[in-house]
Structures are given as structure tokens and as C-alpha cells.
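Data block below; observations after.
Basis for what follows: all heavy atoms, side chains included, without hydrogens, waters or symmetry-related copies. For the single chain, residues carry numbers from 1 onward in sequence order.
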Amino acid sequence: MRAVFGVLGPVSAWDDAGEPIALRGPRHRAVLARLVVARRRVVPVGHLVDDLWEEPPAGAVSAVRTFVAALRRALEPERPPRAPARLLVTEGPGYALRAEPDAVDAWRFERAVTAAATLPPADALGRLDEALGWWRGPGYAEFAEAPWARAERARLAELRLHAVERRAGARLALGLAAEAVPDLDAHVTEHPWREDAWRLLALALYRTGRQGDALAVLRRARALLVEQLGVDPGPGLRQLEADVLDQAAHLDVAHSDGTHLNAAGPDAERPSGAAPASEVRPALGPDAPDPAGAAARVWARAAADYDRAVSAGARARLELTVGLLRSLALTGGEGLEAARAHRVAAVAAAEELGDPELTARVIGAYDVPAIWTRADDPEQAARIVAAAERTLAALPAPGHAAARARLLATIALETRGTRSPTDAPEAADLATLAAATSPGSGFGPVPASGPGPASPGPGSPVRAPAAAGPQSAAPQAAASPGPEPRARRAAREAEEIARRLDDPALLAFALGGRFMQCFERAGLAPERDAIGAELVALSTRHGLVAYEVLGHLVRVQARSALADFATADRHAAAVDDLADRHELPLVGVFTQWYRALRLVATGHPTGPEAEAAYRAAAARLDGAGMPGLERGLLPLALLCLRLTREDQGATLPADRGADRIAARSADWGPYAPWVRPLFLLAGGRRAEAATALRAAPPPPHDLLYEALWCLIGRAAVGVGDRAVIRLARSQLLPADGELAGAGSGLLTLGPVARHLAALDAALAEPEGS
């Protein structure tokens, strides 16, 4: 039996006779849908568990296996017992759906829309009519809220809108303007921000002799865009309005040779706002008014010429698209979010072409620098890493050194705050890690890579082992036996290749990946500072502006960790200057947070003044497109501010503002596990706090590593957990001379030395006291 799958609507399956296949419950359909989203690739069982449950039950893995077994029986009912499955297969750590390319309606739809771009209007119209008829509702309809389906749903929805507009364009090209009007009218009502849809509707009305209605539509579009979005119509709409008023001859349906005008709407890859080739007017005279501006006119004409010269299916379009996405990511919040979404689609499209060299170029061309060590969309990042690994394996050997280096740097950059699936698992919780690193466990002090702890600043004590008792044997760093993590190894290999090739841009990309992997232990601010210094020098010599900004930001963070705010100030000023000169609006988010941190660390502000500085910095994050940075950051910064002022002996006012700082109801985002024990302690629930502390996972190796270990140490002292106290001490000791958390450039808990002193004091007390 051959199974056919439908995801353009509710998730369904049919046999080769067209009869529905019973898929049983919603989790069975969720497993099937998740495997369809993976496009024949393996989905590890652990990922399926995470995708099916917000809080997986104890038997989640067994349940997934039960769902898969039931799906296999439904999809291959005639498969003999013990015979291997041929459709829903087990491979490596998980499962894959090996459906044929034409067995899934979404895959067929995508190919049909792509093919229609190369067909004559009559053939394209038939192909698009058929393809749009496959839609039974929104894509993956019953999984609208599932994070794993979000990107694919959005991609399919965008593709469907594009197909509707292409079909209208084909009708216009065939002289069927009257047939196009009803569908286009409904289309712009449902999707009023699509300028090409308004353009097509106005053109259809004009060609049916309704010039007044065409002008009314164009003015309605203008009013909508100006009043609700605050933007003027793009050059395509403006030009069409002028042409309708002029009754321009080129708006007629056909050329004299019988071929049709290109009214099919924009190609998928044409930049938003670019006028179609058929609507680009001759150059304006020197005295003519130019409301669009010279830059907009050049953009529109170049895009139109590219549309004419390069076929829609050309592979060069994919590479050009990634170049545009790289620039788009640097423009601001909406641009960054759009770039991330389109990047995944571009990589998937490249992989479908089966050319690993092209795929390597598409993946590696998106060398957007990153300064924050938590991904904004972990699922998208994981998909990019998986694609880079597959492409590395598929690249012909030998050769392609630069392409390999870019893929390796991509892996290092995107695997931030996480571990590769191929890495040995870390301890699940602090209790396990404390047991593994306790005296007598078999793990001794582990030499860490890179330079040793930073030299203590002026007046800072040199930390000696905690006095009195067996606890003084605590290791310098928590043991982490096993091979080097995959992402760190990738960063090192990318840097080695880039230096060997003497390629400045490639080296800058590789150094960005190395920075992202320079958090294997506390106290590495000096090493990151050296990376930042090399990035600044390299980028200044070779005009790599984005990486020059990255280098300065890295140095802002590193010098803040080392309490060298004079140097950090100079780099923050350099960042702001570069951002102003090169229109990089996102950069100001980080420099404003830095200045709030600097005020807290050096200015001795009042509580309300410091809180106001943090809240003003957090306001810059609204709409910045960086949820990995934004979520939970303001509450964490305010909590650190309060705890630091308490440690300094400040008298805190008992007002609502102070209560808000420690509000348990705040959205703590990813930091909740390390904050919760402190709230439980504050509420007098010591036993619950001790349980929550031991159940918390070890902090990720990122820019807030030291700060989170200070919170852990504080809670451990509060509940008297000597094993976790020793563990926190061993993790923080290499950063003895640093300011806890200041390496983030965002917040601080004060000197690490002060926290170590509190841990030493707790260990020096008699056990059980």
C-alpha cells in the first residue's frame, strides 16, 4: 500500500485507493506531522519527547515508541511481522519518514509553485489552480501553537499567498482580468500589507475599463499603509498610480508580437518594494521631481533588470538571497526576525537541489556576527547546525577548505548555550554534578584550556583553599571528562583553516565562532579580550565593519568583567560611532545596557536611579528581535541590583518598587531554575528551597555563567548544602579577580571574591551548626 500525506489543513493520510488511513489520537498525528516537517531527515527520540510535551511524563520515551508502532501498523498494514519498516524507519537516535517527494501535499505544492515560475502563462495558470486546490485549511491546522510547526506553517502560508498572486498575474497575462478581480479583492482584504496584491488588483481593474476603481484601490492602499504603518507605498504602487493617471500604453495586455506583459507579480526572490520589470519607467530628467529618491530608483531598476536577466530557478538567486538576508539581519528587529526565518528556508531549498557545494555557500554566506550566547530561536539554530553537519559530510574531498571553515564556524556560532547531540551528556542537575566532583569521587582538579585565572585587581585578595577540614580539597574546576565538545572543536578547526588560507573575512567569521565557544569555565575574560582585540585590528585593516563592531563589544564585555571601565568606555564609544556611521540600530541596545551596568558597578547610584537605568535599557529591547537576550533579563538585572546593594549594606526602602525587584511572579525566562531557590528561602520554605536547588541544572557555559553560579552559591549557603557550596566554590575560583556577571556587559553581582569569601566562611563553620 502507498500512503499519501496531507498537511495543508488537518494532518491526514490516505491509502492508494484514496481511502482515509486512521491515525488514532492527536499525539500520533503530532509525531507524523513532526516527521513530515523534518523532510525525510531523522528526528531524535528526545526531540520528539520535547516537542510533544511541555513537561514530559516519566514514560515519555516509551509512549513515543508506542505511537510510532501504531503509525507503522496503520501506514504499512501488510508488512510481515518482524520485517523492517520501509516508510517510518528507525535510524540512529530516532525516526524518519521516508515518504516519496510527491507523497506529501506540501512538498508537491512547493514544487508546483516553483515550476510555475518557468512556464508560459496558460500552463502556469493550470498548475497553480491545481496546486491551490490541495489546500484544505491552514498548514498543520491542529498544531498552530506548536513551536516545532511555527516556521514551517509560516513558510507554507507565505508560499500560498505568493501562489495566489502568481495565479492572478497569469490571468492578467492571458487577458482574463475580469476573472482575477474577485479573488484579488478578497486577497487584499485578508492580507492588506501585500503591496503586490494591491498592484495586481488595480491593474486588473484598469484592464477591465474601471480606471476610477483602479485609482480608488491605489489610494486605499496608500491610506492604509500611511495611517496604520506610517510608511509610504513602495515604488511599484507609486509608479502604477502615475501610469494609470497617464493612461500609459504599456499597461495594455499584449505586445504586438503576441507575447504577454509580465503581470505575474514578483518572483519569490525579488526584494520587497522592487517594481516589476514591466512597470519600470524611463529615467527621469534632471529637473523632474523624484519622490522615491535616487537610492530607491536605483534599487527598483536593478532588481527589475535582475528579474529579467536571471531565471527564477537559477541557483545564483539563492546565493544572492542569503547576501540580502545578511544585510537585512543588521537593519533592526523586524529585519533580524525575517532574516532568520528566510535563512532556514534558503538552506532547505539549497539542500533540496542536492548540490553540497551550493549548500555550503548558502550556509556559509550568512556570517552575521553575534555577541549574545543564547540563541533567539534554538530550534532554527539546531536546524542550521544539522544542515551544516550534513553538508560537511557531503562535500567532496579533498579541497573546499574555505567552505569547510565557514561551515565549521557556523556550527560554533549557532551551538551557543547548548551542546551538540554528539557530545557526551552533562549532569542533569546540581545534585549529580556535586556528587561527580566531590572529594573521593575519582575526579581531581581538571586543567582547563586557555590561560589561567585573571590576575586579581588592586586590593583583591589572592584566594587560598578554604581552611579547615576535608572540604579544602575542592577541585579548582568541576570535572568534565571526555572528548572536546563538538562546537568548540569546530571553532578551533575553522580558525586553523582561516589562518592557513590567510583570508581576513574568513578569519573574522572563525574568531566570532571561537568567541562563542570561549566559556568552558569561569575566568576566561582575558582570553575573550584577546579575541576582541584581534577582531578590532583585523577588521579595521580590511574594512569589516560588522566584525569591528563585534570586536569592540567583546572588549566592552571582557574589560567590564575585569573592572576596567575606562577601557570599556572607549570601546563602547567606538561601537556607537560605528553604529551611527553605518546605520546599525541594534548595536545601541548593548551599549545602553553597558552604561546601566557601569552606573551600578561604579557610580553608587540610588536604588531608584539604578532601576530606572535598567528599565530604560530594557525598553530598547522591545521589538529588537532578540528574544534570547530579552526574556527574563530585566528581572534578573533588578534582582542582582538588589542583592548587590544588600551585600554592600545599603538600606533598602520597603516600598512597592523594591518589592517589584524581587517579584516572584516576574517572567524569569531561562533563569527561573537558579532564582527559584532564593525566593523559596525568602519565603521561609527552606526544605523546598534545598530540593529546588539540587534539582536545578548546571548553568550553561555562557556570558552569565559566573553570575548564575553566584546565585547558586548564595542559595546553597542559605540551605546549608555543603556539597553544592563546594561545587559553586570550585566553579567560581578561576574568576576570583572578576566582577560576577559583568562579562555579559549587562549586569553584575559584584566581585566574585566577595562571593568566594561567603562560601569559604560557610565551609569553615562546623558541620551541622
Side-chain angles (χ1 to χ4, degrees), residues 319 322-323 325-327 329-330 343 347 350 356-373 375 381 384-416 420 449-451 483-520 524 526-555 557-558 578:
E319 296 184 65
V322 177
L325 295 181
R326 185 187 187 281
S327 299
L330 301 174
R343 179 194 183 192
V347 171
E357 296 176 41
L358 171 67
T359 304
R361 293 196 299 273
V362 168
I363 293 173
Y366 191 90
D367 55 349
V368 177
I371 189 65
W372 191 240
T373 44
I384 295 295
V385 169
E389 293 283 19
R390 288 192 297 270
T391 306
L392 269 174
L395 273 179
H400 306 290
R404 290 183 185 279
R406 287 188 168 271
L407 291 170
L408 290 163
T410 298
I411 291 168
L413 194 68
E414 297 294 343
T415 310
R416 41 180 150 165
S420 168
S449 60
E484 183 181 24
R486 167 58 175 156
R488 199 182 309 158
R489 188 169 70 252
R492 177 173 47 76
E493 292 174 5
E495 183 183 358
E496 290 171 356
I497 294 172
R499 292 192 188 281
R500 188 170 69 246
L501 295 177
D502 195 21
D503 182 332
L506 181 58
L507 179 56
F509 189 15
L511 288 172
R514 182 177 151 210
F515 160 74
M516 203 56 70
Q517 296 302 320
C518 193
F519 299 90
E520 62 264 32
L524 290 178
E527 185 171 334
R528 294 193 291 273
D529 191 43
I531 294 172
E534 183 173 6
L535 273 170
V536 170
L538 178 73
S539 302
T540 303
R541 285 197 308 272
H542 298 283
L544 306 172
V545 174
Y547 280 101
E548 186 178 355
V549 170
L550 175 64
H552 285 299
L553 285 175
V554 170
R555 297 211 70 190
Q557 293 173 340
L578 286 166

(message) Would you say that Thr410 contacts Tyr366 through its side chain, given a criterion of any heavy-atom pair below 4.5 Å between the two side chains?
(response) no

(request) Nearest 0.5 Å please: distance from the CZ atom of Arg489 over to the CG atom of Leu408. (result) 9.5 Å

(message) Side chains of Arg390 and Leu407, heavy atoms from C-beta outward: is any pair under 4.5 Å?
(response) no

(request) Could I get the full list of side chain to side chain donor-acceptor pair (under 3.5 Å) partners for Arg492, not counting sequence neighbours? (result) Glu484

(message) The test is side-chain contact (heavy atoms from CB on, under 4.5 Å); show your working for Asp503 and His542 and say whether it passes.
(response) CA-CA 10 Å; Asp503 182 332; His542 298 283; over 6 Å; no

(message) Please enumerate all residues that pass side chain to side chain donor-acceptor pair (under 3.5 Å) together with Arg361, with sequence neighbours excluded.
(response) Glu319

(message) If I take atom CD from residue Glu534 and atom OH from residue Tyr547, how far apart are they, to the nearest 0.5 angstrom?
(response) 13.5 Å

(message) Looking at every non-hydrogen atom in both residues, tell me the closest pair between Ala365 and Val322 and how far apart they are.
(response) CB-CG1, 3.6 Å

(request) Look up atom CG in Leu413 and atom CE in Met516, then write down how far apart they are to the nearest 0.5 Å. (result) 5.0 Å

(request) Please report the closest heavy-atom contact between Gly512 and Leu550, naming both atoms and the distance. (result) CA-CD2, 4.2 Å

(request) Show your reasoning for whether side-chain contact (heavy atoms from CB on, under 4.5 Å) applies to Ile363 and Arg406. (result) CA-CA 8 Å; Ile363 293 173; Arg406 287 188 168 271; over 6 Å; no

(message) Could you report the tightest heavy-atom contact between Gly364 and Phe509, atom names first, then the distance?
(response) O-CE2, 3.7 Å

(message) Using only atom types and a distance under 3.5 Å, with no angle test, would you say the side chain of Thr359 pairs donor to acceptor with the backbone of Ala350?
(response) yes

(request) Look up atom NE2 in His552 and atom CD1 in Ile371, then write down how far apart they are to the nearest 0.5 Å. (result) 12.0 Å

(message) Quick check: closest heavy atoms across Ala360 and Thr391, and the distance to 0.1 Å?
(response) N-CG2, 3.6 Å

(message) Just so I know, are the side chains of Glu548 and Leu535 near enough to count as touching, which here means a heavy-atom distance under 4.5 Å?
(response) no

(request) Flag the pair Gln557 / Arg528 as yes when at least one side-chain heavy-atom distance between them is below 4.5 Å, and no otherwise. (result) no

(request) Provide the closest heavy-atom pair for Ala412 versus Ala491 in the form atom of the first, atom of the second, distance. (result) CB-CB, 3.6 Å

(request) Can you see which heavy atom on Ile497 is nearest to which on Ala405, and at what distance? (result) CG2-CB, 3.7 Å

(request) Look at the side chain of Arg541 and the backbone N and O of Pro504, then say whether any donor-acceptor pair between them is shorter than 3.5 Å. (result) no

(message) So does Leu325 get a backbone contact from the side chain of Arg343, meaning a donor-acceptor N/O pair under 3.5 Å?
(response) no

(request) Please identify each residue that fulfils side-chain contact (heavy atoms from CB on, under 4.5 Å) with Asp529, with sequence neighbours left out. (result) Arg555, Ala558, Arg559

(request) Please confirm whether the backbone N or O of Thr415 pairs with a side-chain atom of Gln517, one donor and one acceptor, at under 3.5 Å? (result) yes

(message) How long is the straight-line distance from CG of Leu392 back to CD1 of Ile411, given to the nearest 0.5 Å?
(response) 5.0 Å

(request) Flag the pair Pro396 / Glu357 as yes when at least one side-chain heavy-atom distance between them is below 4.5 Å, and no otherwise. (result) yes

